[in-house]
2 protein chains.
Amino acid sequence: MYKCRVPRSHTLQIDLAANVPVYEQIANGLRAELVAGHFGPGDRLPTVRALAIDLGVHHNTVAQAYRQLAHEGWLELKRHRGAVVQERRHLPSRPDIPEKFTRPLRELLAKALADGLSRKLLIGELMDSVRRLQEGGL
Amino acid sequence: MYKCRVPRSHTLQIDLAANVPVYEQIANGLRAELVAGHFGPGDRLPTVRALAIDLGVHHNTVAQAYRQLAHEGWLELKRHRGAVVQERRHLPSRPDIPEKFTRPLRELLAKALADGLSRKLLIGELMDSVRRLQEGGL
DNA sequence: GGCATTTGTACACCGTAGATAGACAAACTG
DNA sequence: CAGTTTGTCTATCTACGGTGTACAAATGCC
């Protein structure tokens with residue numbers, strides 16, 4: 001019995017056609033959930049196989065995502081114990097903001113504008129994010 | 001003689017170690033410049049070989065980036081005419097905001113937070129972007 | 001006008017990474 | 001104690017990114 005508020009395909013979506021690896025899509029999606037606090041320390045994520053079936057990929061692919069998150073300190077992976085969410089100490093802030101955030105954000109905005117999304121709409125989305133951040137969420 | 005305000009390695013940076021393809025990094029960087037209006041219609045970008053040398057990659061890699069941008073309607077690629085910036089009609093806005101923007105933004109923020117960047121700092125960056133967007137820039 | 005240079009393209013090649021398949025060892029369940 | 005569950009390991013296959021190289025055509029210089 002594990003507590004699994006994990007996204008079935010609704011919140012965690014995989015795009016096999018995307019040029020970003022599936023295991024990284026999974027890790028990114030789960031990391032977002034973790035950062036948002038949707039999981040607390042001690043919570044257990046689904047087994048690699050269960051999630052793999054849900055997503056329609058191989059369990060090794062999910063395992064790779066789990067391993068990456070474990071390596072980042074989000075999960076503890078014990079055999080047959082499943083993936084347990086860990087308390088994660090806050091890292092000291094790094095000064096490489098431009099590379100880690102500003103540039104990707106800029107490129108993301110450029111892509112969105114190029115896709116025809118309006119400035120007004122993007123501003124709205126950004127402001128929503130700001131609000132969520134201010135409230136301690138994501 | 002081409003008008004080339006193109007980034008030497010300062011504004012257009014390539015990370016060979018990144019897991020995102022170099023040709024896509026180039027395309028993303030140039031698209032950001034184009035969206036920002038740093039190039040006008042008729043301007044000519046550097047030749048594939050010139051930019052390739054600047055970036056330290058093969059000219060075919062740059063050519064692939066140029067082709068992608070041309071396919072998106074940003075550039076016109078004529079043999080021996082170089083890459084000419086085109087007037088680009090605005091596409092009709094698509095309704096798939098979450099997939100194209102919200103989700104990637106959310107994951108980017110999650111990654112930044114996971115890296116130890118503070119909420120306050122991220123909020124500042126987001127607000128900067130909002131301001132730039134409001135001013136018609138990027 | 002002719003010729004070397006420039007320039008984008010096409011094609012083949014190689015290395016690597018992503019995804020899968022299948023087997024394995026250990027813990028849990030009854 | 002036997003069967004099931006579960007994460008891991010190893011091997012294999014495929015696709016893609018990046019490079020090397022040759023090519024065709026337009027440009028520029030004399």
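Hydrogens, waters and symmetry mates are skipped; everything else that's a heavy atom, side chains included, is used. Please read these numbers as outputs of a predicted model, since none were measured by experiment. Proteins come first, then strands; the chains are lettered A, B, ... in the order of their sequence lines, and each starts at number 1.
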Starting from [atom2] on [N], measure out to [atom1] on [X] and report it in whole angstrom.
X        : N       : atom1 : atom2 : answer
Arg44(B) : dT6(C)  : CZ    : C1'   : 12 Å
Arg67(B) : dG17(D) : CZ    : P     : 12 Å
Glu24(B) : dA17(C) : CD    : P     : 17 Å
Asn19(A) : dG18(D) : CG    : P     : 11 Å
Leu45(A) : dT6(D)  : CG    : C1'   : 14 Å
Ile14(A) : dT20(C) : CD1   : P     : 11 Å
Arg79(B) : dG8(C)  : CZ    : C1'   : 5 Å
His58(A) : dC13(D) : NE2   : P     : 15 Å

* Asked: Given side chains that start at C-beta, do those of Trp74(A) and Val35(A) come closer than 4.5 Å, heavy atoms only?
  -> yes
* To do: Kindly say whether, by distance alone, the side chain of Asn60(A) makes a donor-acceptor pair under 3.5 Å with the base of dG7(D)?
  =>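 No pair found.
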* Just compare dG7(D), dG22(C), dT6(D) and give me whichever is closest to any side-chain atom of His59(A). => dG22(C)
* **Whichever of Ala63(A) and Gly56(B) has its nearest DNA chain D nucleotide further upstream toward 5'** =>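 Counting from the 5' end, the first nearest nucleotide belongs to Ala63(A).
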* Please confirm whether the backbone N or O of Arg81(A) pairs with a side-chain atom of Arg44(A), one donor and one acceptor, at under 3.5 Å? =>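 Pair found, side chain donor or acceptor close to backbone of Arg81(A).
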* **Reference residue Glu24(B); test side chain to side chain contact (heavy atoms under 4.5 Å, CB included); the match among Ile26(B), Asn28(B), Val22(B)** =>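 Testing Glu24(B) for a side chain to side chain contact (heavy atoms under 4.5 Å, CB included) against Ile26(B), Asn28(B), Val22(B) leaves exactly one candidate, Asn28(B).
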* What does Arg81(A) touch in the nucleic acid at a heavy-atom separation under 4.0 angstrom: a base, only the sugar-phosphate, or nothing? ->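 The answer is sugar-phosphate, as Arg81(A) gets under 4.0 Å only of primed atoms, P, OP1 or OP2.
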* **Pair Arg106(A)-Glu125(B), salt bridge (Lys or Arg N to Asp or Glu O under 4.0 Å): steps then yes or no** => CA-CA 10 Å; Arg106(A) 180 180 153 90; Glu125(B) 293 289 331; over 6 Å; no
* If you pin His80(A) and Val22(A) to their nearest nucleotides in DNA chain C, which one's is more 5'? -> Val22(A)
* Asked: Should Arg49(B) be listed as having a side-chain N or O under 4.0 Å from OP1 or OP2 of dT6(C)?
  ->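 For dT6(C), OP1/OP2 do not have a side-chain N/O of Arg49(B) under 4.0 Å.
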* **Contact under 4.0 Å: Thr61(A) side-chain N or O vs dT20(C) OP1/OP2** => yes
* When you check the gap from the basic side-chain N to the acidic O, do Arg31(B) and Glu72(B) get nearer than 4.0 Å? -> yes
